[in-house]
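Inspection log for the structure reproduced underneath, given as structure tokens.
Chain letters run A, B, ... following the sequence lines, proteins first, then strands; residues in each count from 1.
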Amino acid sequence: MLDIQALRNDLDGVVATLKKRGFEFDADTFTRLENERKLVQTRTQDLQAKRNTTSKQIGIAKSKGEDVAAIMAEVAGLGEQLKADEARLAEIQAELQQLLLNVPNLPHASVPAGKSEEDNVEVRRVGTPRSFDFEIKDHTDVGTPLGLDFDTGAKLSGARFTLMKGQIARLHRALAQFMLDTQTERHGYTECYTPYLVNAETLFGTGQLPKFEEDLFSLAHNDSKLYLIPTSEVTLTNTVRDEIVPLESLPIKLTAHTPCFRSEAGSYGKDTKGMIRQHQFDKVEMVQIVHPEKSYEALEEMVGHAEHILQTLELPYRVVSLCTGDMGFGAAKTYDLEVWLPAQNTYREISSVSNCEAFQARRLQARFRNENGKPELLHTLNGSGLAVGRTLVAILENHQQADGSVTIPAALQPYMGGIERIVP
RNA sequence: GGAGAGGUGGCAGAGUGGUUGAAUGUACCUGACUCGAAAUCAGGCAUACGUGCAAGCGUAUCGAGGGUUCGAAUCCCUCCCUCUCCGCCA
């Protein structure tokens, strides 16, 4: 959520900045609501003040045993007007809130301008795509003989669900374990185990609700609803909701390995083959909750943490700075890491690292006590470190051999019982 | 699932309709005392919003939401959460 003060003080500036990311802010509605809010709020507060002082007088008079009929008459009728004004004020504030909740974050000045992913800017390439002296297969053809089973996944649950068996299942588990160990032992994140089902409030905090409900899976639960997390960014970041954390506990660095559930509404026909785009996938997530002055430093650091995984797994990749038009709702700046997929002859997203600045913190009321002892909003960052399913795809494609086997990167071998390759 | 208890400021803990945003203790900050510290004494110490250049003034907030009332932390209703005992259970 944006700072409403920023909108009041510099409406034109905010509108212009939002336009850069392709968002049309309804400034007229905002101005109309604000004007009415101001009017109704001052009137309401005046009435409340009058009621309060009069009621106090009644109390005093009564305690002295005086007759209060005259004062009572004074406040008669005040109640109705007050009730009406209070109700109207609540309405206006709800409308303003609604308006604000649907506005994306302001892009940071360093974010390249652009409309779509074509305008993203490549920052660097690391690693050289391998040249193959045999006809390469895509991950489905490499994986199927090794235990990747799309048909059974579809039978059990439908499209975009996959069953893994045997060596593939183990490789998948090994990747997650390796990533989690790296983020905790090498990069200093605290390992978390989090709920996979969360309430609506939690999703409001990180910005998935109210705008992106159709992307989520949900379950009826008594009279309310619980949602399956689309990423553990949701649970990890919400740990500081409604908290004022002490300055000395910053930065807070959390990681978790969880499944992620996404309905992938609107992606029909995209990546239908294979396990690039699934309704359920595993991810090791990194979250940092930091002092506002440190968040851009933390962003670069986190990209490095994700890159380290790719380097260690001997996977070529590139780092891309997302343009204003391609960034997610809550992000002020995002780097995507794209891994080389030889069968697609292209780089594909495998990690996304974002600085949300105070956008989520404001929704979450996540604050710290600053140097003056005053509460101030934190900055939140999140990033994949990495998406496990897509990493599995990358391993299968990049490390495939002519005989159909797949070599296991040295760093992963301890997690695979020491074997150097998996063979159909 | 059954029975009971409870949710008040950073923490502890009073308060069951009226000058209560909230006693008291503790923590913290400032000052006095001291060579310094401890102890002691005095003062300060919530958050959000509105309004104002500012000092300030006003409003809201005692788990959440609604209701009764001139007036609610206090009474009524609904919900959420925590704890204790019993049952069940991976």
Side chains of residues 94-107 of chain A: which donor-acceptor pairs under 3.5 Å do they make with residues two or more places apart or in other chains?
unit_1	atom_1	unit_2	atom_2	d
A/N102	ND2	A/Q98	O	2.8
A/N105	ND2	A/G330	O	3.0
A/N105	ND2	A/C356	O	3.2

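- Salt bridge annotation for A/E397-A/K137: absent, with no cationic side-chain nitrogen under 4.0 angstrom from a carboxylate oxygen.
- Nucleotide B/rU47 holds its P atom 16 Å from the CD atom of A/E243, rounded to whole Å.
- Nucleotides B/rC86 and B/rC70, compared at atom P, are 49 Å apart to the nearest Å.
- For A/L39 and B/rU51, the CG to P distance is 11 Å, given to the nearest whole Å.
- Judged as a salt bridge (Lys or Arg N to Asp or Glu O under 4.0 Å), the pairs with a partner in residues 409-423 of chain A (not counting sequence neighbours) are, in order, A/D403-A/R421.
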Item to check | Nucleotide-level pairing of RNA chain B, given in dot-bracket where Watson-Crick and G-U pairs need both distances under 3.5 Å and | marks other strands | outcome: ((((((((.[[[..)..(.....]]].(((((.......))))).((((((....)))))).[[[[[..)....]]]]])))))))....
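- No engagement by A/R43 is indicated, since no non-hydrogen atom pair under 4.0 Å with the nucleic acid exists.
- Here A/K273 pairs with A/D138 in a salt bridge; the nearest charged N to carboxylate O distance falls below 4.0 Å.
- Side-chain contact between A/L247 and A/R369 is absent, with no heavy-atom pair separated by less than 4.5 Å.
- Using a 4.0 Å cut-off between a side-chain N of Lys or Arg and a carboxylate O of Asp or Glu, A/K225 and A/E213 qualify as a salt bridge.
- Toward the 5′ end of RNA chain B lies the nearest nucleotide of A/I60, the other residue of the pair A/Q93 and A/I60 mapping further downstream.
- Separating the P atom of B/rU84 from that of B/rU47 is a span of 33 Å, rounded to the nearest Å.
- Applying the side-chain hydrogen bond (donor to acceptor under 3.5 Å, both in side chains) criterion to A/H279, with sequence neighbours excluded, gives no partner residue.
- Listed by residue number, there are no residues of residues 192-208 of chain A with a heavy-atom contact under 4.0 Å to RNA chain B.
- Applying the side-chain hydrogen bond (donor to acceptor under 3.5 Å, both in side chains) rule to A/T312 yields the partners A/H308; only residues at least two apart in sequence or on another chain are considered.
- For A/E338, the salt bridge (Lys or Arg N to Asp or Glu O under 4.0 Å) criterion is met by A/R318, not counting sequence neighbours.
- Nucleotides B/rG31 and B/rU16, compared at atom C1', are 40 Å apart to the nearest Å.
- Look at A/K253 and A/E301 and you find a salt bridge, because one of the NZ, NE, NH1 or NH2 atoms lies within 4.0 Å of a carboxylate O, short of that distance.
- With both ends at atom P, the span from B/rC77 to B/rG4 equals 15 Å, rounded to whole Å.
- B/rG10 atom P lies 10 Å from atom CZ of A/R367, rounded to whole Å.
- Here A/E91 pairs with A/R88 in a salt bridge; the nearest charged N to carboxylate O distance falls below 4.0 Å.
- The CG-C1' distance, from A/D242 to B/rA46, rounds to 15 Å in whole Å.
- When the P atom is compared between B/rC28 and B/rC81, the two are found 36 Å apart, to the nearest whole Å.
- Partners of A/E349 according to the salt bridge (Lys or Arg N to Asp or Glu O under 4.0 Å) rule, which considers only residues two or more places apart in sequence or in another chain, do not exist here.
- When distances are taken from the side chain of A/R369 to each of B/rU19, B/rU51, B/rU47, the shortest belongs to B/rU47.
- Nucleic acid contact class of A/Q5 (heavy atoms, under 4.0 Å, all strands): sugar-phosphate only.
- When the C1' atom is used for both B/rA27 and B/rU82, the distance is 25 Å, rounded to whole Å.
- For A/R277, the side chain to side chain contact (heavy atoms under 4.5 Å, CB included) criterion is met by A/R160, A/E264, A/S267, A/K270, A/D271, A/R348, A/R390, not counting sequence neighbours.
- Taking the six-membered ring where tryptophan is involved, the planes of A/Y189 and A/H187 are perpendicular, since the angle between them exceeds 60° and thus also 30°.
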Tabulate protein N/O versus nucleotide N/O from nucleotides 73-78 of chain B, keeping only pairs under 3.5 Å, one per line.
none

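- One can place CD1 of A/I71 at 15 Å from P of B/rU19, the figure rounded to the nearest angstrom.
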Contacts table for residues 9-19 of chain A: side-chain donor-acceptor under 3.5 angstrom, sequence neighbours left out:
unit_1	atom_1	unit_2	atom_2	d
A/N9	ND2	A/Q5	O	3.1
A/D10	OD1	A/G13	N	3.1
A/T17	OG1	A/G13	O	2.8

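- Taking the P atoms as reference points, B/rA37 lies 50 Å from B/rC85, given to the whole Å.
- Whole-Å rounding puts the A/L96 CG to B/rC49 P distance at 14 Å.
- Between B/rU68 and B/rG13, the distance separating the two P atoms is 35 Å to the nearest Å.
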Item to check | Where protein sits on nucleotides 52-70 of chain B, one letter per nucleotide: B base, S sugar-phosphate only, - none, heavy atoms under 4.0 Å | outcome: ------BSS-------S-B
